[in-house]
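Everything numeric in this text was worked out from a predicted model, so none of it was measured.
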Amino acid sequence: MEEGNNDAKSESLDFIREIIANDLSSGKHEAPVTRFPPEPNGYIHIGHAKSICLNFGLSKENKGGACHLRFDDTNPVKEDSEYVDSIKQDVSWLGFEWGDNLFFASDYFDKLYDFAQKLIKEGKAYVCDLSLDEIAEHRGSPKTPGKKSPYRDRSPEENIDLFKRMRDGEFDDGTKVLRAKIDMTSPNLHMRDPVLYRIRKIAHHRTGDKWCIYPMYDFTHCLSDSIEGITHSLCTLEFEVHRPLYDWVLAKLSVECHPRQIEFARLNLTYTVLSKRKLLVLVEEAYVSGWDDPRMPTVSGLRRRGFTPASIKAFCHAIGVTKFNGLTDVALLEHSLRQDLNETVERRLAVLNPIKVVITNFQEERVEDLEAVNNPKNPEAGTRIMPFTREIYIEKDDFMEDPPNKFFRLGPGREVRLRFAYFITCQEVIKNDAGEIVELHCTYDPETRGGNAPDGRKVKGTIHWVSAAKAFETKVRLYDRLFTTEDPNKEEDGKTFLDYINESSLEIIADAKLEPSLSEATPGESFQFERLGYFCADLKDSENGTPVFNRTTTLRDTWSKQKNKS
RNA sequence: UGCCGAAUGGUGUAACGGUAGCACAGCGGUCUCUGACACCGUAUGUCUAGGUUCGAAUCCUAGUUCGGCAACCA
């Protein structure tokens with residue numbers, strides 16, 4: 001560390017990494033031990049990915065560091081092992097390993113019970129018979145102090161007995177809780193005798209029927225951290241007001257390991273909602289097809305959409321870690337994606353909105369094999385063969401009957417290059433009775449095979465194409481952002497995020513014309529369809545050798561911008 | 001009228017008392033067998049007011065604005 005200091009290129013540390021670096025150099029810790037503590041009650045999303053990259057990143061960056069994956073499963077009402085499986089899958093898909101450090105807060109229930117007893121014996125906790133509403137009322141408000149519970153002064157002996165009977169199932173749900181005895185007049189609401197345990201006669205996904213009392217977050221989390229020897233407990237800003245309680249519990253219990261809780265800002269993304277509640281509404285009310293719908297910001301959704309772990313990690317690195325609660329432009333995420341895909345993914349040609357072109361001077365039955373470059377960014381990716389025939393498809397947008405002068409593509413009498421193939425010139429526009437263009441008749445120049453003219457003449461435009469006879473037809477789904485407004489969370493004028501749903505976030509093309517090699521794409525495989533965007537074979541809906549493609553994102557398109565301006 | 005926290009171009013961030021920089025987005029251009037990529041250029045910023053200092057984004061004071069906090073959720 002000492003030697004890295006004056007390296008001008010060394011990146012500046014965010015405030016958390018700075019704290020950790022200081023703790024390391026001061027000798028307070030030898031290596032950071034962090035944790036990612038999801039509650040298994042939903043699927044994780046890009047916001048969690050930020051936390052995952054931070055916590056696991058820290059363990060990778062520091063020799064001897066570790067990051068635990070710990071499920072915070074203290075509320076059996078909401079939690080399910082379905083979610084623990086998906087979360088594990090998502091974390092490891094992102095490229096992080098927890099090794100032996102897989103934990104569950106529920107594994108600590110016995111220890112937690114002992115800690116609670118200790119607190120009771122020392123007069124720091126009591127069993128309270130107030131109802132939920134009464135507790136709320138006694139708590140007061142931010143501006144008014146709370147009132148003491150009438151049960152606050154029960155003796156430790158009575159409390160121990162009551163707590164044991166709570167555990168043994170003698171009381172009904174909601175009739176008793178265990179509370180910390182702190183200060184009902186504290187300006188921090190969380191310190192006004194917070195609830196530590198509640199009765200829930202419901203089976204837990206891991207402990208089954210063993211328990212009918214379950215510890216609350218504030219009691220569980222700090223002690224779980226302590227038990228595991230966490231050095232730095234990183235969480236989001238909303239837990240800032242919980243920190244005094246985190247520290248209170250650990251201090252009163254005199255535990256050896258007292259981790260430092262540090263809060264950072266959660267991620268907000270434009271055109272996106274990231275609250276579990278809202279995501280759940282989207283799923284349950286079928287605005288999307290599921291948690292892994294390619295439009296969802298969940299890790300599983302991003303995966304199906306065609307995002308790569310590298311692009312997500314690059315994004316998380318780019319946004320940094322601060323205490324400022326901002327709104328990050330989703331364009332930054334898309335940029336990280338394109339950056340990665342551009343380097344790594346093979347190119348293919350595909351026509352989404354076809355118009356037929358007949359090459360009138362090309363023999364009828366002839367099939368010519370042409371060589372196409374797989375990835376100009378990576379020569380090792382090699383080449384592939386594309387069949388060229390008399391009838392081909394080109395993109396509708398690549399022809400204009402009456403083109404403006406900035407239009408570089410095909411038009412009556414114009415010559416363009418077919419990528420990797422020939423120069424063609426449009427000779428005739430065929431229309432139906434309604435006056436719609438149905439077909440283009442063109443001639444090709446045999447001398448331009450491969451795409452270059454021996455006489456050195458240039459064409460301004462190069463367009464993509466697919467052989468009509470040999471095309472692989474399949475479904476292609478074009479995804480767009482799910483919301484029409486930058487901040488769908490801003491619920492003004494009585495509107496909710498549902499009022500900003502983008503009705504055209506999914507466009508399905510039933511029979512796009514793809515070059516034949518695409519029929520062999522394996523689920524999850526990504527390509528750049530040249531001049532269109534990045535697409536991947538869907539993980540779920542591609543079956544028996546018929547891949548279905550999702551558009552991951554478009555290419556940057558300065559032409560359409562220019563066009564829209566005029 | 002409570003407590004906690006945060007304010008740097010349009011957005012996200014850096015600068016740790018000494019030239020306000022980077023990325024994204026925007027705009028303009030070069031290149032091009034992808035109107036992609038790449039490359040070049042460009043506009044826009046320290047919340048306000050005082051103070052300390054030779055010098056303040058940075059330190060102090062006061063204000064302003066924004067976010068979070070009153071689940072037997074996490």
Q: Which nucleotide, B/rC72, B/rG35, B/rG2, lies nearest any side-chain atom of A/R531?
A: B/rG35
Q: It should be established whether A/R139 places a side-chain nitrogen or oxygen under 4.0 Å from OP1 or OP2 of nucleotide B/rC72.
A: yes
Q: Using the ring pair (Phe, Tyr, Trp, His ring centres under 6.0 Å) definition, which of the options A/Y214, A/F163, A/Y108 pairs with A/Y113?
A: A/F163
Q: Report yes if a side-chain nitrogen or oxygen of A/H464 is closer than 4.0 Å to either non-bridging phosphate oxygen (OP1 or OP2) of B/rU34; otherwise report no.
A: no
Q: When rounded to the nearest Å, what value does the distance between C1' atoms of B/rU1 and B/rC47 take?
A: 24 Å
Q: Between B/rA71, B/rU34, B/rC72, which nucleotide has the shortest distance from any of its atoms to the side chain of A/K78?
A: B/rA71
Q: What's the gap between B/rC66 and B/rA56 when it is taken at their P atoms, as a whole Å value?
A: 30 Å
Q: Which is true for A/K406 with a 4.0 Å heavy-atom rule: it touches a base, it touches only sugar-phosphate, or it touches nothing?
A: base
Q: Using the C1' atom on both, measure B/rG12 against B/rU46 and round to a whole Å.
A: 16 Å
Q: Could you please name the option among B/rA25, B/rC37, B/rC72 that lies closest to any side-chain atom of A/L132?
A: B/rC72
Q: Look only at the side chain of A/R167 and the backbone of A/L162, and say whether a donor-acceptor pair between them is shorter than 3.5 Å.
A: no
Q: Ignoring backbone atoms, establish whether A/T270 has a side-chain N or O less than 4.0 Å from OP1 or OP2 of B/rU11.
A: no
Q: Take atom C1' in B/rU58 and the same atom in B/rC16, then report the distance between them in whole Å.
A: 7 Å
Q: When the C1' atoms of B/rU61 and B/rG2 are considered, how many whole Å apart are they?
A: 23 Å
Q: Assign A/P244 to base, sugar-phosphate, or nothing according to its heavy-atom contacts below 4.0 angstrom with the strands shown.
A: nothing
Q: I want to check one thing: is the phosphate of B/rC37, taken as OP1 and OP2, less than 4.0 Å away from some side-chain N or O of A/R556?
A: yes
Q: Are side-chain N/O atoms of A/H335 and A/Q339 paired as donor and acceptor at under 3.5 Å?
A: yes
Q: Does the gap between the ring centers of A/Y444 and A/Y422 come in under 6.0 Å?
A: yes
Q: Using atom P in both nucleotides, what's the gap between B/rG5 and B/rU19 to the nearest angstrom?
A: 30 Å
Q: Among the candidates B/rC69, B/rA74, B/rC4, find the nucleotide nearest to the side-chain atoms of A/M216.
A: B/rA74
Q: Assess the side chains of A/D218 and A/H242: does a donor N or O sit below 3.5 Å from an acceptor N or O?
A: yes
Q: Less than 4.5 Å apart, side chain to side chain, heavy atoms only: is that true for A/V127 and A/R154?
A: yes
Q: The side chain of A/H335 lies closest to which of these nucleotides: B/rA23, B/rU32, B/rA71?
A: B/rA23
Q: In dot-bracket, 5' to 3', how would RNA chain B read with Watson-Crick or G-U wobble pairs under 3.5 Å, [ ] for crossing ones and | for pairs to another strand?
A: .((((((..((((....[..)))).(((((.......)))))....(((((..]....))))))))))).....
Q: So, is A/R277 close to the B/rA74 phosphate, meaning a side-chain N or O under 4.0 Å from OP1 or OP2?
A: no
Q: Can you figure out which of B/rC27, B/rA74, B/rG35 approaches the side chain of A/K561 most closely?
A: B/rC27
Q: Measure centre to centre between the rings of A/H204 and A/F109, then say whether the value is under 6.0 Å.
A: yes
Q: Any side-chain N or O of A/R338 less than 4.0 Å from the OP1 or OP2 oxygen of B/rC24?
A: no
Q: For A/T220, report the nucleic acid contact type (base, sugar-phosphate, nothing); a contact means any heavy atom under 4.0 Å.
A: nothing
Q: Would you indicate, yes or no, if B/rU11 has its OP1 or OP2 atom less than 4.0 angstrom from a side-chain nitrogen or oxygen of A/T328?
A: no
Q: With respect to the side chain of A/D557, which nucleotide from B/rG35, B/rC69, B/rG67 is positioned closest?
A: B/rG35
Q: OP1 or OP2 of B/rA36 less than 4.0 angstrom from a side-chain nitrogen or oxygen of A/T558, does that happen here?
A: yes
Q: Any Lys/Arg nitrogen of A/R70 or A/D225 sitting under 4.0 Å from an Asp/Glu carboxylate oxygen of the other?
A: yes
Q: Does a side-chain N or O of A/K323 approach OP1 or OP2 of B/rG68 to a distance below 4.0 Å, or not?
A: no
Q: Looking across every strand, which nucleic acid part, if any, lies under 4.0 Å from A/E18 by heavy atom: base, sugar-phosphate, or nothing?
A: base
Q: Rounded to the nearest 0.5 Å, how far apart are CZ of A/F388 and CE of A/M386?
A: 9.5 Å
Q: Among the candidates B/rG12, B/rU34, B/rC72, find the nucleotide nearest to the side-chain atoms of A/R200.
A: B/rC72
Q: Using the P atom as the point on both nucleotides, what is the distance between B/rA14 and B/rA6, in whole Å?
A: 13 Å
Q: Which nucleotide sits closest to the side chain of A/R409: B/rG35, B/rA36, B/rU8?
A: B/rG35
Q: Look at the side chain of A/F324 and decide which nucleotide, out of B/rU8, B/rC24, B/rA36, has an atom nearest to it.
A: B/rU8
